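Some notes on the structure that comes next.
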Amino acid sequence: MTQLSLPVEDLVSFHNLPEKARDKKKKLKSEPKPEGKAKKKDKGKAAVQDGETQRQRGKENNMPVAEEREIKSDKRKEKKKKDSKKKKEKNSSEHYEIQQQDPQTSSVIVKLEPDEDGDFAPAKKQSKGKKRARQGEAGELSKSKKVKLEEDADGVETETKPQKKKKIKKEEGNKKPKKEEGAIKAKKKTQEEKEAAAALKLKKKEEEEQMRWRWWEEEKYEDGIKWKFLEHEGPVFAPPYEPLPDSVKFYYDGKPLPLSLQAEEVASFFAKMLDHEYTTKEIFRNNYFMDWRKEMTLEERMVITDLAKCDFTEMFTYYKGKMEEKKNKSKEDKLKIKEENEKLLQEYGYCSMDHHRERIGNFKIEPPALFRGRGDHPKQGMLKKRILPEDIIINCSKDSKIPEPPPGHKWKEVRHDNTVTWLASWTENVQGSVKYIMLNANSKLKGEKDWEKYEVARKLKHHVVTIRKTYRENFKSKEMKVRQRAVALYFIDKLALRAGNEKEEGETADTVGCCSLRVEHIKLYPELDGDKYVVEFDFLGKDSIRYYNKVPVEKQVFKNLQLFMENKQEGDDLFDRLSTPLLNKHLQSLMEGLTAKVFRTYNASITLQQQLQELTDPEESMPSKILSYNRANRAVAILCNHQRAPPKTFDQSMANLKSKIDAKKEQILLAKKELKEAKKEAKEKESEKLNKVVESKKRGVQRAEEQLMRMEVQATDREENKQIALSTSKLNYLDPRISVAWCKKWTVGLEKIYNKTYRDKFAWAVDMTETDFIF
DNA sequence: TACTCAACTTAGAAACCACGTC
DNA sequence: GACGTGGTTTCTAAGTTGAGTA
């Protein structure tokens with residue numbers, strides 16, 4: 001697997017960064033620890049010695065959620081009525097509040113709003129660098145190349161690509177009026193077809209909207225109850241293994257070797273992955289071979305003793321061919337497959353929850369395969385066994401129609417537990433963890449939780465000043481435990497680090513979060529590049545994604561870190577007196593419902609809100625506004641360290657886009673020259689006809705410039721997004737109401753920033769948010 | 001209180017699909 | 001119509017949290 005290594009600190013110069021220096025410590029880890037948190041048990045002892053802080057539940061915001069929500073809902077409805085009345089009165093004379101903004105600050109800033117001490121201003125180096133970089137980019141673009149796009153009554157850009165095409169074609173048509181009648185008819189027909197399809201789509205959309213369960217207008221169930229009625233058809237099992245044709249052979253030591261069905265199936269899993277990096281990794285190969293041998297007959301096991309002597313290429317070619325075949329199927333065949341899938345989805349992909357039809361997220365059982373653990377996962381390559389009905393626990397209501405197991409099979413258990421959200425579960429064999437079949441993200445259960453999550457994060461806004469003050473005071477606590485807790489919390493807050501649970505050694509990849517940071521993950525510099533008290537972080541976080549960042553910290557934090565590292569060596573825990581349960585317990589005492597991960601949500605959302613405010617220029621064109629949104633989104637993605645592998649085709653597609661831009665520039669130059677000549681000629685001859693030609697050429701130049709501007713914006717956006725994944729923050733950390741309010745305020749079509757999945761997931765926010773929403 | 005585990009959220013990769021271009 | 005590209009959807013691994021248990 002590709003290991004990403006994009007430093008948070010500087011996206012531009014990441015190629016120049018020092019090589020990651022880890023891979024050492026494992027042997028050190030097993031050595032005894034100096035004191036305190038030798039391993040899990042010792043930590044607990046430390047907690048006892050230190051004594052516990054009294055739980056002080058916050059006295060504010062004690063209103064039950066349901067009650068609060070009801071009041072809010074009523075208020076919203078009332079407000080909505082008023083607003084719509086106002087809107088009608090105002091009719092189309094909508095105007096917008098224009099805010100004074102400094103475009104110089106429209107940079108990708110990796111941090112938060114200033115707190116009471118102004119401490120949380122972005123690290124100088126970071127913001128300065130970014131600002132400089134940005135001034136030469138779309139900052140200038142948006143200023144110098146204003147584009148006037150056609151806007152509809154709501155001010156939304158309406159000139160879609162097909163429409164533009166139509167327009168161009170129309171112009172061409174005028175130039176060449178002698179088109180063949182048949183061709184015109186055909187065009188008309190396709191046009192009609194298109195219109196019909198669009199109408200159908202619209203109708204479907206309206207129907208969907210009508211069908212939507214507006215759960216957010218209903219009262220929530222009492223604590224713990226997730227549903228009162230649940231009925232479903234059970235999961236869909238993986239199709240049975242299809243044996244290889246006789247012509248496709250497996251070779252061992254250069255000779256064909258027929259395999260038993262079971263061994264052949266497991267061999268096929270490896271063969272299918274032959275072009276994947278996984279199959280070159282030693283751990284993967286070893287684990288695979290060990291598990292494969294377990295599936296072999298005694299005879300096979302006697303013969304096949306070395307994976308290096310196994311030749312799967314014929315099998316690999318066969319499966320590749322199958323894939324090709326599938327790709328090259330006729331339109332009819334593809335349609336047939338699509339219909340079959342749709343049928344399956346309609347039958348098994350939905351459940352009835354409290355008599356509302358809800359989409360299931362993952363109704364198909366994971367097929368048998370090789371385990372693809374990320375990073376240096378010690379279990380990668382192990383066989384994930386086929387799941388049978390006998391492994392499945394079904395959860396549904398007593399009074400529902402119990403799903404039928406496949407013929408000849410029975411369920412492991414059928415239970416009726418309405419305090420959980422899952423419909424079916426099984427225990428997988430590689431890690432022994434439980435897997436679930438749950439509802440889709442747009443369901444009531446998921447949506448309700450999501451809404452709650454953002455409400456907790458908003459609540460933190462009112463407590464954060466006190467919390468920051470408290471942890472700063474604790475930097476000087478006499479208790480080591482308290483000091484460590486304070487510094488860890490400072491990092492979680494300032495850098496949006498994850499909590500960092502303890503992990504079983506050797507069971508998973510060696511990744512860490514804040515509380516599980518080890519000595520080798522940070523370096524301290526009393527002074528670095530003109531900054532004082534710099535901490536350099538370098539560790540693998542969730543999914544083995546590298547976190548690399550150099551951050552100037554407060555003097556007391558720096559001194560504490562020096563203290564925490566005293567007499568410790570690589571492999572030792574930095575926060576040896578701290579664990580996530582201890583930290584979360586403390587957070588609960590500061591604010592009800594507060595846990596470490598709430599800081600990530602809070603800081604992500606507040607950053608988006610601030611960045612949108614800073615970056616949005618009321619005067620700029622629609623594409624530039626969208627670029628600003630993406631940049632705000634990007635600032636959050638950088639904060640949360642959401643990375644992705646650059647798309648395989650990135651360089652090529654970028655080069656294509658650049659050559660298109662060059663071509664467009666040429667075209668503009670030529671068009672301008674022609675315009676100049678036409679103007680001259682029209683002036684000389686004073687002809688009405690020539691004046692019209694001038695006007696037409698003017699429009700041509702303008703159109704080409706608009707196209708160029710759009711391409712340039714696209715190129716900037718794409719370049720900046722090369723290694724950053726925007727979707728994760730958009731989907732999980734950004735309060736959707738901020739985005740919806742922004743769209744409404746600047747009359748940007750919501751579909752420009754949210755695709756259908758997002759709009760469905762955030763239907764509750766779309767429905768309830770007004771322009772004045774503040775996180 | 002320590003520990004385990006179920007239940008749920010968060011995450012990136014891969015597969016899929018629609019659309020534009022030639 | 002083939003092909004390439006990029007957005008969307010699906011898949012499932014990898015986290016966090018809280019409840020139960022000894």
Side-chain angles (χ1 to χ4, degrees), chain A residues 1-4 39-45 47-48 52 161-162 165 224 226 276 278 323 326-328 331 334 337-338 341 349 361-367 369 371-375 377 379-380 384 393 417 419-422 425 427-428 430-436 438-441 445-446 449-450 453 498-504 507-509 511-513 515-516 541-545 579-585 587-588 593 595-598 600-601 640-645 647-650 652-654 656-657 660 714 718 721 725 727-729 731-733 755-758 760:
Chain A
M1 210 198 82
T2 325
Q3 226 173 58
L4 295 164
K39 260 289 123 176
K40 288 177 192 172
K41 276 182 187 172
D42 293 339
K43 256 192 290 180
K45 278 178 197 160
V48 181
E52 274 308 313
K161 279 182 183 171
K165 235 181 167 179
K226 302 287 178 6
H276 200 290
Y278 268 121
M323 292 266 284
K326 198 181 160 192
K327 242 187 351 196
N328 296 331
K331 220 175 171 183
K334 278 184 182 166
I337 294 170
K338 203 177 168 188
N341 285 339
N362 56 328
F363 61 95
K364 288 177 185 163
I365 298 281
E366 294 172 21
F371 178 69
R372 298 185 178 202
R374 299 184 176 167
H377 199 295
K379 293 188 173 180
Q380 59 179 253
K384 264 175 57 172
I393 302 172
D417 182 357
T419 65
V420 294
T421 64
W422 54 268
S425 74
T427 306
E428 56 93 41
V430 175
Q431 319 219 67
S433 62
V434 185
K435 298 248 174 170
Y436 302 93
M438 287 182 184
L439 294 189
N440 187 274
L445 285 179
K446 299 281 184 192
K449 266 294 195 68
D450 224 30
K453 173 180 80 185
R498 293 187 187 85
N501 283 311
E502 288 272 343
K503 292 171 86 186
E504 201 76 35
E507 291 292 304
T508 57
T511 62
V512 296
C515 294
S516 51
K542 184 178 181 181
D543 290 321
S544 293
I545 299 289
S579 69
T580 50
L582 282 174
L583 177 66
N584 280 336
K585 204 171 174 191
L587 292 176
Q588 279 288 341
T595 63
K597 84 185 181 95
V598 178
R600 246 167 109 81
T601 313
C640 295
N641 200 35
H642 291 144
Q643 300 182 29
R644 63 167 185 166
K648 281 169 197 156
T649 52
F650 183 84
Q652 186 55 50
S653 76
M654 223 35 208
N656 290 349
L657 187 57
K660 270 188 194 172
Q714 195 189 358
R718 211 188 277 178
N721 261 357
S727 55
T728 309
S729 49
L731 209 59
N732 300 303
Y733 289 105
N755 65 33
K756 193 175 179 302
T757 311
Y758 290 83
D760 280 351

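Here the structure is a predicted model, which means the values were calculated and not measured. All values below come from the heavy atoms of this structure, side chains included, with hydrogens, waters and symmetry mates left out. Protein chains get the first letters and strands the later ones, always in sequence-line order, with residue 1 at the start of each.
Between Lys226(A) and dA7(B) there is no side-chain polar atom (N or O) within less than 4.0 angstrom of OP1 or OP2. Contact check, His642(A) against dT10(B): no side-chain N or O comes under 4.0 Å of OP1 or OP2. Remark: Thr728(A) is not in phosphate contact with dT10(B), judged by side-chain N or O atoms under 4.0 Å from OP1 or OP2. For the pair Arg600(A) and dA11(B), the criterion of a side-chain N or O lying under 4.0 Å from OP1 or OP2 is met. At the phosphate of dC8(B), neither OP1 nor OP2 sits under 4.0 Å from any side-chain N or O atom of Lys435(A). Here Tyr758(A) does not reach the OP1 or OP2 of dT8(C): none of its side-chain N or O atoms lies under 4.0 Å away. In terms of phosphate contacts, Lys379(A) brings no side-chain nitrogen or oxygen within less than 4.0 Å of OP1 or OP2 of dA13(C).
Atom CG in Asn732(A) sits about 10 Å away from atom P in dT9(B), given to the nearest Å. The interatomic distance linking Leu439(A) (CG) with dC11(C) (C1') rounds to 17 Å, in whole Å. Taking atom NE2 of His276(A) as the reference point, atom C1' of dA13(B) lies 8 Å away to the nearest angstrom. A straight line from NZ of Lys338(A) to P of dT8(C) spans 16 Å, rounded to a whole angstrom. When the P atom of dC11(C) is taken as reference, atom CD of Glu366(A) falls 10 Å away, rounded to whole Å. Per the geometry, NZ belonging to Lys453(A) stands 8 Å off P belonging to dT9(B), to the nearest Å. Computed from coordinates, the Ile545(A) CD1 to dA13(C) P distance equals 16 Å when rounded to whole Å. Atom pair Asn440(A):CG and dT9(B):C1' shows a separation of 14 Å (rounding to whole Å applied).
Backbone-only engagement by Thr421(A) is indicated by non-hydrogen atom pairs under 4.0 Å involving sugar-phosphate atoms exclusively. Across all strands, Lys334(A) comes closer than 4.0 Å to no nucleic acid atom at all (heavy-atom distances). If you check every strand for non-hydrogen atoms under 4.0 Å, Lys327(A) touches nothing.
With sequence neighbours excluded, the residues forming a salt bridge (Lys or Arg N to Asp or Glu O under 4.0 Å) with Lys384(A) are Glu366(A), listed by chain and number. Residues forming a ring-ring contact (aromatic ring centres under 6.0 Å, His included) with Tyr733(A) (at least two apart in sequence, or on another chain): His642(A).
Residue-to-nucleotide proximity on DNA chain B shows that, of Thr419(A) and Met323(A), the 5′-proximal contact is made by Thr419(A). Nearest-nucleotide positions on DNA chain B for Lys326(A) and Ser433(A) put Ser433(A) closer to the 5' end. In this structure, Asn755(A) and Lys364(A) both approach DNA chain C, and ranking their closest nucleotides by distance from the 5' end singles out Asn755(A).
Taking each heavy atom of Ser425(A) and Tyr436(A) in turn, the nearest pair found is CB-CD2, 3.8 Å.
Judged purely by atom type and a 3.5 angstrom limit, Gln588(A) uses its side chain to pair as donor or acceptor with the backbone of Gly593(A). Distance alone, capped at 3.5 Å, places no donor-acceptor pair between the Lys334(A) side chain and the Asn328(A) backbone. Side-chain N or O atoms of Asp450(A) include none that pairs as donor or acceptor with a backbone N or O of Lys446(A) at under 3.5 Å.
Nearest nucleotide to the Lys449(A) side chain, out of dT9(B), dT12(C), dA7(B): dT9(B). Considering only side-chain atoms of Tyr436(A), the nucleotide from dA13(B), dT9(B), dC8(B) that sits closest is dC8(B).
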Contact string for nucleotides 14-22 of chain C, one letter per nucleotide 5' to 3', B = base within protein heavy-atom range under 4.0 Å, S = sugar-phosphate only, - = neither, reads BSBBS----
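Counted by atom type alone, Glu502(A) and Ser516(A) present zero donor-acceptor pairs between their side chains at under 3.5 Å.
Here CD of Gln380(A) is found 12.0 Å from CZ of Arg374(A). Values are rounded to the nearest 0.5 Å.
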